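Below is one structure, written out as structure tokens; the observations come after it.
Please read all numbers here as calculations on a predicted model, not as lab measurements. Each chain gets a letter, A, B and so on, in the order the sequences are listed, and its residues count up from 1.
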Protein chains: 2
Amino acid sequence: MTNTPRNRTGSRIKSVEIAFTVLDAVRKNDRPSVTELADELGHSKSTIHNHLRTLENEEIIVRETNGYRLSLQVLDMANDVRDQVANYDVIVDAVDELADETGEIAQFGLEEHGQVSYLYKAKGNQAVETASRVGGKQPMYSTSLGKSILSFLPSSRQEEIVTEAAFERKTPKTITDPARLYEELEEIAERGYAIDDEENIEGLRCVAAPVRSGTSVVGAVSVSGPASRITDDYLHGELAESVQRAANVIELNTKFS
Amino acid sequence: MTNTPRNRTGSRIKSVEIAFTVLDAVRKNDRPSVTELADELGHSKSTIHNHLRTLENEEIIVRETNGYRLSLQVLDMANDVRDQVANYDVIVDAVDELADETGEIAQFGLEEHGQVSYLYKAKGNQAVETASRVGGKQPMYSTSLGKSILSFLPSSRQEEIVTEAAFERKTPKTITDPARLYEELEEIAERGYAIDDEENIEGLRCVAAPVRSGTSVVGAVSVSGPASRITDDYLHGELAESVQRAANVIELNTKFS
DNA sequence: AAATCTGTTCTCCAGAGGCGAACCCTGTTC
DNA sequence: GAACAGGGTTCGCCTCTGGAGAACAGATTT
């Protein structure tokens, strides 16, 4: 739908891909039925049926009278994800405190498949609602989290991501020129924090600082608030300091495995 | 490993099953590598490699320098699960309040694949730690949640579950005789709540009440606490009332779709 | 009871996918 | 710096899988 899933090199397993297409459809439709899915996905009923049978057997989906839905096993899997990310608890504490301190939205994100994925989100007492949700993804080039991570990534990976990026214009201020991005990344690397001045969502300004472990970036922390409240001075001054402090706290409390 | 996944009727898709085996191994091992997984799962390296490639392409797993791990997309999927369960917010509120009121652990669970799965868990201020976690599963016959759900299920489904149950003795008090279970289920149906008197975990007593929507059970709410604190009177009196009230609150606030 | 929905089962054949070996690449050891 | 060892990746073969479509079976509707 959006952009074609680039195929690095050969051989993905077709039936597994179909299975995940089915799973995706079950995620997004409300309790779909066999025929519904068959129509939507353009496969025969028998094919869909077999896949649903298989997924049900794996206890990933559940059959209810009115159709299929995801099973709660997915929640259990989510627990495992959090367990697998190094120092999840430390991150939670630091982000909570940052949200508390600033009153805005504080988040932690990390790079996956060339995008930022949100791992944790905390709301301060005057925080505005944002569309972002835990597990969601955003482009690297239009978010403060993304840019701060990008600027500290090894240059090979950095280029790879930039090259493959879509550079979709999300707001009038979105950076759409790679050259322009590289410039900013250098700047960020120097001063230690990145900003997003309504580049991803109109009316929203953010600051982010990278979290490093040894030589590599493991993610970044950010604060986001409405442009009306977040002045230039505040953004580059107190807020920038706060996120950097939070990033530091995480770094210091990180136990290497 | 535990009990063989009974095959209802034919044709599950083999490669999809393998894919989920791989996924499971990635869940449980800490950043496994190709060869590691190949050894563990008894498949050739190339097979595993293809599966990992596919799963990575689906952005379900992520490759890091030291091995593969689950991706944060799983967290996003978990959001969808919660969205798909009717009235998640209502449940959260009711369970939170129940935990608050009693000071113990309060939970909401529902039946999936013949077991209880925990959807939400709240801790009261004097709550003991229990092993259960959101997304986890427990037998129907040894938990108050399970029994309360079971007793209000249509008798066909009830029998089906009981017949297929393993009746593993989890503690000395676990019910392992179907006849005994049926007796208790009738009792539960009459009085409207179920108890678990150290039948699932030693030292832990629980009360649960079913949550119904129209004619069918959609799940159950429970409170769990240490046997030392939960006397018979308290269990069958105040606590039983509390869980029933909480169940009722959920029922009343349920918007039918 | 005919019609029209479902979901399920059956059969058939192209081609997919699992295996094993060969290959490559990175880091290590003399 | 050559040889080795450890991974990951690729290749080609052959079998048997899995997808399509039609036929079948329930459930509801007309």
Problem - Sequence neighbours excluded, every pair satisfying salt bridge (charged side-chain N to carboxylate O under 4.0 Å, His left out) that has a member inside residues 136-146 of chain B - result: A/Glu59-B/Lys137

Problem - Atom-pair distance (NZ on A/Lys14; P on D/dG18), nearest Å - result: 13 Å

Fill in the blank from the handout: Taken in chain and number order and not counting sequence neighbours, the residues that satisfy side-chain contact (heavy atoms from CB on, under 4.5 Å) with A/Ala220 are A/Leu145, A/Ser148, A/Ile149

Handout entry: Of the listed nucleotides D/dT9, C/dG18, D/dG19, the one nearest the side chain of B/Tyr68
Key = D/dT9

Practice task
Return the value, rounded to whole Å, for the distance between atom CD1 of A/Ile18 and atom P of C/dG15.
Solution key: 14 Å

Completion exercise
Sorted by position of nearest nucleotide on DNA chain C, 5' first, the leading residue of A/Thr35 and B/His51 is A/Thr35

Completion exercise
Across all chains, not counting sequence neighbours, the salt bridge (Lys or Arg N to Asp or Glu O under 4.0 Å) partners of A/Asp93 are none

Practice task
Mind checking salt bridge (Lys or Arg N to Asp or Glu O under 4.0 Å) for B/Asp24 and listing every partner two or more places apart, or none if nothing turns up?
Solution key: B/Lys28

Handout entry: the helix from C/dA1-D/dT30 to C/dC24-D/dG7: angle between end helix axes, five pairs per end, rounded to 10 degrees
Key = 40°

Problem - Separation of atom CG in B/Leu37 from atom P in D/dG7, rounded to whole Å - result: 13 Å

Exercise for the section: To the nearest Å, give me how far apart CZ (A/Arg53) and P (D/dG18) are. Expected result: 14 Å

Problem - Integer-rounded Å distance: D/dG8 C1' and B/Glu36 CD - result: 13 Å

Practice task
Calculate the interatomic distance between B/Glu17 atom CD and C/dG17 atom P; express it in whole Å.
Solution key: 14 Å

Practice task
Among the candidates C/dT8, D/dT9, D/dG7, find the nucleotide nearest to the side-chain atoms of A/His49.
Solution key: C/dT8

Exercise for the section: For B/Ile13 and C/dA16, give me the distance from atom CD1 to atom C1', rounded to whole Å. Expected result: 13 Å

Practice task
Return no unless some side-chain N or O of A/Arg12 is found under 4.0 Å from OP1 or OP2 of C/dA16.
Solution key: no

Exercise for the section: Check step by step if salt bridge (Lys or Arg N to Asp or Glu O under 4.0 Å) holds for A/Glu17 and A/Lys14. Expected result: CA-CA 5 Å; A/Glu17 291 190 321; A/Lys14 211 176 194 176; over 6 Å; no

Exercise for the section: Evaluate the salt bridge (Lys or Arg N to Asp or Glu O under 4.0 Å) criterion for residues B/Arg12 and A/Glu58: first the C-alpha distance (whole Å), next the side-chain angles of each, then the deciding distance (0.1 Å), finally the verdict. Expected result: CA-CA 10 Å; B/Arg12 253 130 288 112; A/Glu58 294 297 325; over 6 Å; no

Exercise for the section: Provide, to the nearest angstrom, the distance between the CG atom belonging to A/Asn50 and the P atom belonging to D/dA20. Expected result: 10 Å

Problem - Short side-chain N/O contact to D/dG8 OP1/OP2 from B/Ser33, under 4.0 Å - result: yes

Exercise for the section: List in numerical order all residues of residues 39-48 of chain B for which some heavy atom is under 4.0 Å away from an atom belonging to DNA chain D. Expected result: B/Lys45, B/Ser46

Practice task
Measure from the side chain of A/Arg63, starting at C-beta and using heavy atoms only, and say which of D/dG7, D/dT17, C/dT8 lies closest.
Solution key: C/dT8

Without placing hydrogens or testing angles, list every side-chain donor-acceptor pair under 3.5 Å for residues 72-82 of chain A, not counting sequence neighbours.
{"unit_1": "A/Asp76", "atom_1": "OD1", "unit_2": "B/Arg133", "atom_2": "NE", "d": "3.0"}
{"unit_1": "A/Asp76", "atom_1": "OD1", "unit_2": "B/Arg133", "atom_2": "NH2", "d": "3.3"}
{"unit_1": "A/Asp76", "atom_1": "OD2", "unit_2": "B/Arg27", "atom_2": "NH2", "d": "3.2"}
{"unit_1": "A/Asn79", "atom_1": "ND2", "unit_2": "B/Val134", "atom_2": "O", "d": "2.7"}
{"unit_1": "A/Asp80", "atom_1": "OD1", "unit_2": "B/Arg133", "atom_2": "NH2", "d": "2.9"}
{"unit_1": "A/Asp80", "atom_1": "OD2", "unit_2": "B/Arg27", "atom_2": "NE", "d": "2.7"}
{"unit_1": "A/Asp80", "atom_1": "OD2", "unit_2": "B/Arg27", "atom_2": "NH2", "d": "2.9"}

Handout entry: Out of D/dG8, D/dT9, C/dG17, whichever nucleotide has its closest atom nearest the side chain of A/Ser15
Key = C/dG17

Fill in the blank from the handout: Closest of C/dG18, D/dT9, C/dT8 to the A/Val34 side chain is C/dT8

Practice task
Mind checking salt bridge (Lys or Arg N to Asp or Glu O under 4.0 Å) for B/Glu64 and listing every partner two or more places apart, or none if nothing turns up?
Solution key: B/Arg31, B/Arg69

Fill in the blank from the handout: salt bridge (Lys or Arg N to Asp or Glu O under 4.0 Å) filter on A/Glu184, not counting sequence neighbours, yields A/Lys147, A/Arg180

Handout entry: Under 3.5 Å side-chain donor-acceptor pair for A/Gln138 and A/Asn200
Key = yes

